[in-house]
*Asks:* 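I have a structure here, written as structure tokens, and I will follow up with some questions on it.
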Amino acid sequence: MSSDSTPTSKPVKTTGLHVGDAGPGCRKVDPILVADGVTRTFGGLTAVDVEHVEVPRGAITALIGPNGAGKTTFFNLLTGFDKPDSGRWQFDGRSLAHVPAYRVARMGLIRTFQLTKALGLLTVLDNMKLGAKGQTGENLFRSVLPFLWRKQEDEIEAKALEILARFKLDTKKDDYAASLSGGQRKLLEMARALMSDPTLVMLDEPMAGVNPALTQSLLDHILDLKSQGMTVLFVEHDMHMVRHIADWVIVMAEGRIVAEGDPHSVMQDQAVIDAYLGAHHDTDLGTTDTGHVEVLKELIDDEQ
Amino acid sequence: MIDWIAIFSNAAQELISPTTAAYALAALGLAIHFGYTGLLNFGQAGFMALGAYGYAISILSFGFPVWAAVLVGIGASVVFALILGIPTLRLRADYLAIVTIAAAEILRLVFTTNTFDALTGSASGLQGYKQGFADLNPIPSGTYGFGPFTYNAYDWWIRIVGWTLVVVLALITWLIMRSPWGRVIKGIREDEDAVRALGKNVYSYKMQSLILGGVYGTLAGMIFVLPRAVVPANYQTSLTFFIYAILLLGGAATILGPVIGSMIFWVLLSFFSGFVARAVEAGWLPFMSQVQAGQLRFILVGVAIMLIVIFRPQGIFGNKKELAFVK
């Protein structure tokens, strides 16, 4: 990500989140999500092996790590989209082990996906309305009697329009979601997640494939979630963004948590630099990494 | 000389025939499965067979009244949908396709086998179950209608019941598809993981959809056998494909599509077969025998389906943007 996308205004960071020394698996003052001994193997590969981790409430936590570190798998395990081999984890004091994904969502833990899952052939407004919880009209037998759900539907629509306006998607409300740009779909997915008033929002690479013009607006929306009292946990590769908005950073490598701390101290951590960022983390890899250039040349040769 | 009046009046009769109504109902059920939910059900013929046999066996072997026979058929198709759905709806869509196509064939072969001859009549099928339905007919006996649409009281009674059912179920489908339930269903068609992440029990919704569309198919099977006998050979996989043809012709995610599609399908089929048969008779097609002429209409149906899918994949009523094929 180029540096012109780096926002200029300084967001207010939340501090004093942890108890004792900051380190892998350190205790938090008020954890919203606690995981213990969560492991997941695919054949011989251990994708996730997390001994203990706590996500602080009311803060923005970034989960970073190199490709294949198990971040997305960990996400899937926490949200019920994948089943771990072992482990216990709880959200807001309630156990999430063996709870199916839809129940996890109903508890107030809403996730988004790395590859955006906007429902293409539904209108933007329908996408939003789908996000609302506890709809009477979603019962097959009650759905044939519109007078039972009409009032609730109007309330949901008003709420959807209000959130859409905030995300500047209100002019698109009658368009199919498939007609939105990649960045707009990311916004829509985030907006849709808000329809259920979640307590914890988990964003899987919210910035992937978003053009710099939209980055700032997305960042502001994530900060906005925190100011509304929600907890945010996100996976991201863009270090500018992590440094800018995260209050707490958890670093994963090869399935384990290798470091934790506030963004600045984590990025000085030698273990993190070695394991993940490499020596060139502050320079533009595109121009200095000769390895990439050679791979590209080979690819071009292959095509010809 | 070709008797054009006979060809056209035969074709026109198909417009309101009970068979057309039955196919419209089955296609409407398939629209719920495939068009709205994205479930690839290739076993609609099986649901229809359950309706036909459930109704006929209840009356012939157990002496049930009409309403109880209808309930038996519906109950059987609910059980069938559960058996199909419980193992496969958690898996990817294509597994349901494989399981449904196999299950419908298993059903047909069970109905065909001699082992249950006392109950199912094996390959020769069942008849003589129509009295109960005919007794409910409020129309005094006689012949009514005009032009090609002249039928006796029983034939009118089947048509009225069949098309009333089509209208009622089309209205119900329209109501549920514009409700929040329909929104969840269409969301599942687009991306079930996204819907799951929003707190909806996707598995349960897919099961509801499978059962609902299957019950439509079962009612279609009952209407289908009222003007004819129950014969197992009618419930081959090709029946499912004709219903898919109707669905694609009309538009997969539409309400009117399956109904109008069924009318167009049967009128055209009747017109083609009438025309080809008489053209062979008149010596216009010297390279063809009467038997070959009887098969030609299905070749023409195949060509027509290909043309539709290539040039108008959304069907007649479909919105090109809202279509399961276009992703």
Side-chain angles (χ1 to χ4, degrees), chain A residues 75-76 79-81 100-113 115-123 125-146 148-150 152-153 156 175-179 188-189 192-193 195-196 198 202 204, chain B residues 32 35-38 78 90 168-213 215 251-254 313-314 318-327:
Chain A
F75 247 56
N76 287 343
T79 49
F81 277 84
Y102 75 93
R103 287 235 180 87
V104 173
R106 285 183 192 172
M107 285 180 182
L109 196 169
I110 298 280
R111 69 168 295 180
T112 67
F113 293 86
L115 299 170
T116 327
K117 292 187 186 295
L119 305 166
L121 301 181
L122 262 59
T123 63
L125 189 58
D126 274 346
N127 262 277
M128 292 295 289
K129 286 176 174 176
L130 194 60
K133 277 200 283 195
Q135 297 190 42
T136 317
E138 288 184 354
N139 176 296
L140 178 55
F141 298 105
R142 271 172 275 185
S143 70
V144 278
L145 305 168
L148 287 178
W149 45 264
R150 181 71 69 203
Q152 191 190 29
E153 180 83 355
I156 290 170
D175 294 359
Y176 282 113
S179 70
L188 174 61
E189 205 178 7
R192 191 173 62 193
M195 283 298 290
S196 63
M202 295 179 52
D204 197 348
Chain B
I32 296 176
Y36 288 105
T37 323
V78 171
R90 287 183 201 280
V168 169
L169 290 185
L171 276 176
I172 289 176
T173 315
W174 178 72
L175 272 175
I176 59 175
M177 285 310 164
R178 61 200 286 276
S179 77
W181 188 86
R183 190 159 62 217
V184 178
I185 285 292
K186 285 182 254 182
I188 290 171
R189 176 190 67 195
E190 297 303 311
D191 193 318
E192 59 176 81
D193 274 347
V195 177
R196 202 171 275 133
L198 293 172
K200 319 293 178 198
N201 187 350
V202 168
Y203 182 63
S204 159
Y205 278 102
K206 282 161 84 174
M207 188 62 91
Q208 291 170 28
S209 163
L210 187 65
I211 291 174
L212 186 68
V215 166
T254 60
Q314 73 273 34
N319 178 348
K320 192 160 192 173
K321 290 180 194 158
E322 188 173 335
L323 182 68
F325 277 136
V326 182
K327 275 273 156 76

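Sequence lines set the chain letters: A, B, ... in the order given, protein chains first and strands last, and positions in each chain run from 1. Just so it is clear, the values below take in all heavy atoms, side chains as well, and ignore hydrogens, waters and symmetry mates.
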*Asks:* Considering only heavy atoms, which portion of Arg103(A) lies under 4.5 Å from any heavy atom of chain B: side chain, backbone, both, or neither?
*Replies:*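 Arg103(A) has no heavy atom closer than 4.5 Å to chain B.
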*Asks:* Between Asn201(B), Leu175(B), Val184(B), Ile185(B), who has the most heavy-atom pairs with chain A when the cutoff is under 4.5 Å?
*Replies:*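 Going by pairs under 4.5 Å, I would pick Asn201(B).
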*Asks:* Just so I understand: if I count every heavy-atom pair under 4.5 Å between each of Lys129(A), Met195(A), Gln135(A), Lys133(A) and chain B, which residue has the most?
*Replies:* Lys129(A)
*Asks:* Show the nearest heavy-atom pair for residues Ser179(B) and Gly137(A), with the distance to one decimal.
*Replies:*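 Taking every non-hydrogen atom into account, OG-O, 4.0 Å.
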*Asks:* Please look at Ala118(A) and chain B and tell me whether the side chain, the backbone, both or neither of the residue comes under 4.5 angstrom of a heavy atom of that chain.
*Replies:* neither
*Asks:* Are Arg189(B) and Leu121(A) side-chain neighbours, meaning at least one heavy-atom pair lies under 4.5 Å?
*Replies:* yes
*Asks:* Quick check on the interface: out of Arg183(B), Arg196(B), Gln208(B), who has the most heavy-atom pairs with chain A under 4.5 Å?
*Replies:* Arg183(B)
*Asks:* Which heavy atom in Trp181(B) sits nearest to a heavy atom in Ser143(A), and how many Å separate them?
*Replies:*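 Looking at all heavy atoms of both residues, the shortest contact is CB-CB, 3.6 Å.
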*Asks:* With heavy-atom distances below 4.5 Å as the criterion, would you say the side chains of Glu153(A) and Pro180(B) are in contact?
*Replies:*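 When only atoms from C-beta onward are counted, Pro180(B) and Glu153(A) do touch, with a gap below 4.5 Å.
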*Asks:* What part of Arg192(A) lies closer than 4.5 angstrom to a heavy atom of chain B: side chain, backbone, both or neither?
*Replies:*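 Both parts, backbone and side chain.
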*Asks:* Could you tell me which non-hydrogen atom of Gly187(B) sits nearest to which non-hydrogen atom of Leu130(A), and how far apart they are?
*Replies:* CA-CD2, 4.3 Å
*Asks:* Which heavy atom of Ile110(A) sits nearest a heavy atom of Ala197(B), and at what distance?
*Replies:* CD1-O, 3.7 Å
*Asks:* Picking from Asp126(A), Thr116(A), Thr112(A), Thr79(A), which has the most non-hydrogen pairs under 4.5 angstrom with chain B?
*Replies:* Asp126(A)
*Asks:* Could you measure the distance from the CG atom of Asp193(B) to the CG atom of Asn76(A)? Nearest 0.5 Å is fine.
*Replies:*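 CG of Asn76(A) is found 8.5 Å from CG of Asp193(B).
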*Asks:* If we only count heavy atoms from C-beta on, is the Tyr102(A) to Val202(B) side-chain gap below 4.5 Å?
*Replies:* no
*Asks:* Check whether Tyr203(B) gets within reach of chain A through its side chain, its backbone, both or neither, counting any heavy atom under 4.5 Å.
*Replies:* neither
*Asks:* Specify which of Leu122(A), Leu109(A), Leu140(A) makes the most heavy-atom pairs with chain B at under 4.5 Å.
*Replies:* Leu140(A)
*Asks:* How many angstroms lie between atom CG of Leu119(A) and atom CG of Leu198(B), to the nearest 0.5 angstrom?
*Replies:* 7.5 Å
